[in-house]
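Structure, as structure tokens:
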Amino acid sequence: MSALRELGRRRYANLAIAALVLGIAAVFPLLFDPISGTVGDAIKALAFVVMALGLNVVVGFAGLLDLGYVAFYAFGALTVGWFASDHFSSVNAEAGIHLGVSEFISSLPGIHLNWLLIVVAAVIVTGIAGMLIGLPTLRLRGDYIAIVTLAFGEIIGRFAANGDQVKIGEYAFSNGRQAISPTDPIKLPFFQEFDQAFNIRPYYYVALALCAITLFVNFRLRDSRLGRAWVAIREDEVAAASMGVPLVKTKLLAYGIGAALGGIAGAFLGAYLNSVNGGQFQFGFSIFILAMVILGGLGSIWGVVIGAVVVSVINYYVIPDLLDRVATDLDLGFTVSQISFGVFGFLLVVMMVLRPEGILPERRRKLELSGEAGSADDALVEVRA
Amino acid sequence: MALLEVSDIHTFYGNIEALKGISLEVEEGECVTLIGSNGAGKSTTLRSISGLSPPRAGSIRFDGDEIGATPPQEIVGKGISQSPEGRHVFQRMTVRENLELGAYLRKDSRLNGDMERVFELFPRLKERERQKAGTMSGGEQQMLAIGRALMAEPKLLLLDEPSMGIAPILVERIYETIAEINRRGTTILLVEQSATFALDVSSRGYVLETGTVRLTDRSDALLENPEVQRAYLGA
Amino acid sequence: MRLRGSSAPEPAGADPAHPIEAREGHTAGQPANGSGPILAAEGVTKAFGGLLAVNDINFAVPPRSIVSLIGPNGAGKTTFFNMLTGLYKPTLGRITLLGRDVTGQRPDRITCMGVARTFQNIRLFPTMTAVENVMVGQHSRTKAGLAGAIVRPPRVRREERAAREKARELLAFVGLQERVFDEVSINMSYGDQRRLEIARALASDPKVLLLDEPTAGMNPNESARLTDFMRRLRDERGLAILLIEHDMKVVMEVSENITVLDHGEKIAEGLPHEVRSDERVIEAYLGKRG
Amino acid sequence: MEAASIPARAVNTRSAGQLRDAFSKYGLIALLIAFPLHYAIVDLVERGTLAPIANNLVAGLSNGAIWALVALGYTLVYGIIELINFAHGEVFMIGSFVSFGLWGTFGLTLVTGPLGLVAGLLVTLVVAMIISGTLNVMIERVAYRPLRGAPKLAPLITAVGVSFILQNVGVLWLGGSQRGVPDLIRTQDTLIEIAGVTISRGDVLALGVTVPLVFLLTAFITRSRLGKAMRATAQDPEAARLMGISVDTTISLTFLLGGLLAGAAGLIYALYQTSIWYFQGFTAGLIAFTAAVMGGIGNLKGAVLGGFIIGIIQQISDARGEQQGILPPLGNQWTPAVVFAFLVIVMVFRPQGLIGEETREAG
């Protein structure tokens, strides 16, 4: 039973790595000022880790290229906008609806739910949205799936951006390009309400906890019956169906989970950023997250974490602090920040052409992308077509 | 020296060895047949010669040149053209366009004459000159595939299963024409599953089995050889 | 059409001239009870555009039997297979499994109901290990869903462990060495890949096993071993096997009944020696002597 | 392309299949007709004239001419290597930018005389086409060719990457916002007016450049030796190699042609819209891709037809900013959503497009 032992070893290795990584991450904010910008960037980076791991389930595990992932960020953030602000200010005769929020917020109009309830709502909203988008899409060829998800992402982005014109009765879908603001801060049971004015570390630890949970879910899914079914579909859809794997249901689950994780991260960012701006949900953001997945290594969980951290560091530190200074010093007449998406695009191209398996490749992908896997299948067709 | 000398080639699909050391020769002006059951490596041998599936080891010499690693589009220029298995005519192009593409690499001006020659061999194609290839029957498409290969003015013509999926009456017609092409001086290497016709028109044959040459002999001898029948229908 | 031989268990009173009426009694919904066919096709036809790839085929697989489908290249055998397993939807006709109409059902549903297959060109999941491949084969026989995968309660752990053990048993059953169990399938030898594919198909506990040219690329020795193995599957596991095969030695040795297709039509059917001496079959294979 | 492998779409889904078949045949066409028809009825009922919708249609055709040129590039490339050349929209954008730059260099202004203007524009057209064409060929070399054997999603991802790189080249070139272009040909000036329906100089320009180019392209592809090689490669790459056709050269040629057309479209767009910006390629790319899919990707006629249809839809959506009839108010902030909604509908219900049967049959 060497295989089982091997599996056991791998599991302990993963646990050890996880403990080490989380331990370092837990100490990180203590090295900075409680309201340091660096910690603020790190908080966003952690939310991106959650999103990248969610997208990784769809693209990396199930092999479905989703170019409209921003839609789930949008839904998650909008859930906060709807249920944790004065957006629906006239509900309950302008007295508002309140559930598990602080005393002060309880006095405000609009719907105000505790953040944990909002996370649950976001999971439900995005999970359903993911499946609704997925259902008509999944019969299509891979590249068509990419374009249709992109189209959905753009449609939802448009709705968010022009949401002030979309009204049911007197309630608008969003505030359009005027942000829904302020949104309620996070409040957890047994904790004080989080106050960003003095200390953002609590947000950091919530984000870290979300990451830990997401990592756990990712690992569990990867090593499960469902995870195997995803790999099977990714590698040979016809064979997978012939082995009894229901294609649509299995793909939908991948979509739903990816969407839900995107929604959770969106709900977190919506609360942390204190506002939900309808204009921010653009295609570029989908690519930003995709770049993390590709850079780290499609399907590789630790790789994607690294990818998300690296891309965040590039976005929040390398480009604004290093490259922009270089550009100014060289008097180039522009800043690299202006072309940050070009930088991510460049990363995508370079990685796909030079090292398609990513920084920390997953064992399977390495085989697939090296062209060894799959070639036999096509070739044997020729022997006796 | 033979026109085509294949010596000990090993060809792989992925890590599956489809040819395990095939050697054969075709003399100028000959018509040679490769027979064998499904999966014996007949088509792969042709694909190796035409460059579509280059061998990983061994050598292929044509007209004195080594062509084992030459890409297919250059091999055509050297004088080998192939009518592939399953015909692979350009479905949405007319018969005439298909034939013109057969002569893609030729710069000379004798195309029209050659096309007339093909029409003479296959009068059916002349009738359908402006018709889309995909709308024709399997047998007509097979004629077109052979005609198209002839348009390259090959020294060596490779024919892969010209009888596959074709009604018996047409098979006879096609084989008469193959014999005629050979009589007019084109060297032919033929792969066929239905051995009788192929051995009738060829002078020599090789029997392939799981990627190796099982036996080789004169065609008439092979036709009488009980082992050939056994290879197909079991003992 | 030729009369069937007596050794193949046939539905009582099957009249080859009226196959559809003859089978009506078994398609009315009762499960097969040992005498009716497990898998049956009635007037199955598949057209691609204007081309009739398979034309009006009647065909039955009796329980605990090995029957073969042969024919020259392009005769429509694999197309027929693809209809039986749900990859293609028949243009006309009906397919029944244990008396239930499964025509045009999704492939995973058909697998779930008891039909498993291998592929002509080996379609393993290349980066999965042998054990993992077989575990995917058990997909329809295991339950763990999304919540089970994440929470992993004892029930799921047990199921997972059992699936893994069953996978190893099956791999041993098809004759794979234990050292390749955790080998990635793309790195396995050709013969081992063929065996693994059969193990993966068996993992869904099928009632009928469809093998599409299982000996392709095998040497005579390996083919002979596979022949024995098919008999074991029938005798020890009570499986019915439908075989597409070009190696006539294998076909003639192992089949109880043979159906011959040519140009999408059934040109002969019967016992091995009958088929072998059938004029039309010889013509189809060797060509008509002019 | 591999003959005997079972296409994924052959895996049949039974439920809702018939409904989808019925819808895919007639529903899409009905939907396409219903959209302008709705506004035609509104115009007739509310204003007693069909002039507004007729004007929408005319402007839609001119817009559509631009999308048709861009869509042809998608369709050509997809036909030959089955890749959605995501960066194609940016190649079109670069065509606009090059044109704008050249007008500055040549000193073309509103007061340039007609002779100078025509000469200047013709030179611009040629240069813009050549630069866009070359750019497209280079993209293929650098970003797609190394991935020829890789899984299909790999080149699609690099295509997205290239698209972003080029967008940012655009940002560096002309900044991050809309840039006005001198209205060299006085686009809006009416040339002909019949019963309230105006045909402007811009309309004539758009169709006047597009139609001859489409005919030239068609002639090249159907008649020339290289054009035949392209079609042969698209239909059966392996058989094409057996004819002696170099697949790599043919693919380069395809990208060149697509780029040439995108360059021409870029010039028309700049003249017609009188404003350009780095992001125009992204939107135009998706619109044109929708057009290509709507017509049936891989099909030249389909791309042109799809271009005109999408042009009309887009124009109507742009022009109907207030509530009319049973449809909600649209306006240009909603136009992308409207176009994408059509994209989704086409992809889901009729991925082979309106006249897609002619392309790529199985085997």
Side-chain angles (χ1 to χ4, degrees), chain B residues 13-14 43 46-47 49-54 70-94 96-107 111 132-135 138 141 144-145 148-154 157-160 164-165, chain D residues 1-6 75-76 78-80 145 148-151 218-253 296-302 352-353 355-363:
Chain B
Y13 293 116
S43 290
L46 289 200
R47 291 175 60 89
I49 296 168
S50 66
L52 289 177
S53 305
T70 313
Q73 62 267 27
E74 288 172 30
I75 289 180
V76 185
K78 289 179 184 289
I80 300 181
S81 73
Q82 182 180 4
S83 158
E85 182 187 8
R87 307 183 279 273
H88 285 271
V89 296
F90 300 110
Q91 305 264 335
R92 295 192 302 278
M93 296 173 113
T94 63
R96 195 182 174 84
E97 285 174 323
N98 266 279
L99 293 176
E100 283 169 0
L101 279 164
Y104 185 76
L105 285 184
R106 286 175 53 191
K107 303 265 191 296
L111 286 189
K132 290 249 159 69
T135 63
Q141 290 191 25
L144 178 57
R148 186 180 64 177
L150 280 175
M151 288 298 290
E153 252 193 340
L157 178 64
L158 307 176
L159 299 176
D160 197 344
M164 186 174 121
Chain D
M1 300 205 177
E2 58 274 21
S5 72
I6 304 154
T75 258
L76 284 169
Y78 198 91
I80 207 152
R145 189 169 298 182
R148 196 76 51 80
T218 317
F220 177 79
I221 286 178
T222 50
R223 299 206 199 293
S224 75
R225 177 169 172 272
L226 284 172
K228 280 177 189 152
M230 273 173 67
R231 283 158 64 210
T233 310
Q235 287 176 38
D236 194 329
E238 194 159 87
R241 297 181 79 192
L242 285 177
M243 303 300 109
I245 295 167
S246 158
V247 170
D248 278 346
T249 314
T250 314
I251 291 173
S252 290
L253 175 69
I297 196 146
N299 182 320
L300 298 185
K301 276 179 251 166
Q352 74 273 37
I355 48 174
E357 299 92 39
E358 287 177 30
T359 70
R360 282 205 173 260
E361 55 271 63

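Model, not experiment: these values are computed from the prediction.
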Inset, instruction - Just jot down the side chain to side chain contact (heavy atoms under 4.5 Å, CB included) partners of L105(B), sequence neighbours excluded, or say none. - result: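 For L105(B), the residues satisfying side chain to side chain contact (heavy atoms under 4.5 Å, CB included) (neighbours in sequence not counted) are V76(B).
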Inset, instruction - Just jot down the side chain to side chain contact (heavy atoms under 4.5 Å, CB included) partners of R225(D), sequence neighbours excluded, or say none. - result: Y104(B), K107(B)
I need the [X] [atom1] to [Y] [atom2] distance, nearest 0.5 Å.
X	Y	atom1	atom2	answer
R223(D)	E97(B)	CZ	CD	9.5 Å
Q73(B)	T250(D)	CD	OG1	9.0 Å
R92(B)	R231(D)	CZ	CZ	9.0 Å
L242(D)	D160(B)	CG	CG	10.0 Å

Inset, instruction - Without swapping roles, check the side chain of E238(D) against the backbone of L52(B) for a donor-acceptor pair under 3.5 Å. - result: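 Looks like no, no N/O pair under 3.5 Å.
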Inset, instruction - Please answer whether the main-chain N or O of Q91(B) pairs with a side-chain N or O of Q235(D) as donor and acceptor at a distance below 3.5 Å. - result: yes
Inset, instruction - Against chain D, label R148(B) side chain, backbone, both or neither, depending on which of its atoms sit under 4.5 Å from a heavy atom there. - result: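 Only the side chain of R148(B) comes within 4.5 Å of chain D.
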Inset, instruction - Please flag which part of E100(B) lies under 4.5 Å from any non-hydrogen atom of chain D: side chain, backbone, both or neither. - result: side chain
Inset, instruction - Can you see which heavy atom on P72(B) is nearest to which on R241(D), and at what distance? - result: CD-NH2, 3.2 Å
Legend entry - Nearest heavy atoms of K228(D) and M93(B), plus distance in Å: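 Scanning both residues, the minimum pair turns out to be O-CE, 3.5 Å.
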